[in-house]
There are 2 protein chains.
Amino acid sequence: MDHVDRILAQWSRERPDLDVAPMGLLGRFGRLRAHLAREIERVLAEHGLSRASFDVLATLRRSGAPYRLSPGDLLAATMVTSGTMTNRIDQLEKTGMVERVQNPGDGRSVLVGLTPKGLAAVEEAVTAHVENQHRLVEALSPAERQELDSLLRKLLATFE
Amino acid sequence: MDHVDRILAQWSRERPDLDVAPMGLLGRFGRLRAHLAREIERVLAEHGLSRASFDVLATLRRSGAPYRLSPGDLLAATMVTSGTMTNRIDQLEKTGMVERVQNPGDGRSVLVGLTPKGLAAVEEAVTAHVENQHRLVEALSPAERQELDSLLRKLLATFE
DNA sequence: AGGATTTCTCTTGACGTCAAGAGAAACTGA
DNA sequence: TCAGTTTCTCTTGACGTCAAGAGAAATCCT
């Protein structure tokens, strides 16, 4: 009997016409998401980064040298709107983590590149972040993690 | 090979020292969450409600007649801060969905109650919302939904 | 070649959230 | 009893997000 079970019990009493099984699943999903987000942001904050900033730096880092992508490329990788991406790049530029350089191939566009400072920050942060991710799922056995990953993959496939 | 697999492949090339299996699970979790949130908000918006507003109205509704709770009770149910809850109640009060009434039992506190308009809005919205929730998980078989729910419950239990 | 369309980034304004803390009322213990 | 502590709500200021759209460059089509 967890928090979500108590919510479902209330609905069953008040609206017995509703079939609330999916609400249970989605309710647990949502609460779990809030806990995971909090823990992930806490660790990134220890390295001076927000999740928004980290996502951009990590996308640049994993794209490989010379660690440069256009805002449009970053956009395609991150499920946010263009206005959000502009804001993220602005913040990172202010703190010297990235720089905007001219895109020789396209005058409408620009390239966002990691600075040495940004590269150092993301190398340090990603190591801690990956360790933290291990910790966050360690309550599940390897087989359970595999099973959960498979189910998430299947459901995710219906949206992308 | 989905979007998350491509991210993991990049990391494996750039940072082969990292074990990115948990990143895959959490990455799918995060992307799925974004899709689910978008769909849920779309349906609630059709009924004139944000998710924030709906959560408060739904909490009041499922608490049973007379549909009144203190901000603190609402806080305990919703994983947000007190400032956020004040703002949510303010917005709902502006649109006439809830009203603040004196709490006879505690002078520091107040009771937030559904108005007839708020009750009508939430009854309509919750029906559509539950239908939508069914739709969102229907790509999984009943057994898979059960399995996913169990795994989420187990992992969630480590945080609450 | 050049007008129409598309692509790409940025701007604006509104919204929801949090962290930190203030103020008022209720408890608690000597 | 009453000073100190706790509880409860609200305020403030900053942040991240989105939707809608503007402006500039590239591309397409005749």
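The analysis underlying the following values was restricted to heavy atoms, covering all of them including side chains, and did not include hydrogens, waters or symmetry mates. The sequence lines fix the lettering, A, B, ..., with proteins before strands; numbering per chain opens at 1.
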Taking only Lys NZ, Arg NE, NH1 and NH2, and the carboxylate oxygens of Asp or Glu, determine whether B/R42 and B/E46 approach each other closer than 4.0 Å.
-> yes
Answer with base, sugar-phosphate or nothing: what part of the nucleic acid does A/S82 contact at a heavy-atom distance below 4.0 Å?
-> base
In whole angstrom, give the distance that lies between atom CG of A/L75 and atom C1' of C/dC10.
-> 12 Å
Name the nucleic acid region contacted by A/R51, choosing base, sugar-phosphate or nothing; use a 4.0 angstrom heavy-atom cut-off, strictly under.
-> nothing
Donor-acceptor pair between A/R68 and A/S63 side chains, under 3.5 angstrom | no
Verify the distance criterion only: is there a donor paired with an acceptor across the side chains of B/Q133 and B/H129 at less than 3.5 Å?
-> yes
How long is the line joining CG of A/D106 and C1' of D/dT27, in whole Å?
-> 10 Å
What about A/R108: does its side chain form a donor-acceptor pair under 3.5 Å with the base of C/dT7?
-> yes
Nucleotide D/dG16, atom C1' - distance to CD of A/E41 in whole Å = 10 Å
Strictly by modelled atom types, are A/S50 and A/R88 linked by a side-chain donor-acceptor pair under 3.5 Å?
-> no
Can you find an N or O donor on one side and an acceptor on the other, under 3.5 Å apart, linking the side chain of A/T84 with the base of D/dC18?
-> no
Nearest-Å distance for atom pair CG/P, residues B/N103 and D/dT7 | 17 Å
Looking across every strand, which nucleic acid part, if any, lies under 4.0 Å from B/G83 by heavy atom: base, sugar-phosphate, or nothing?
-> base
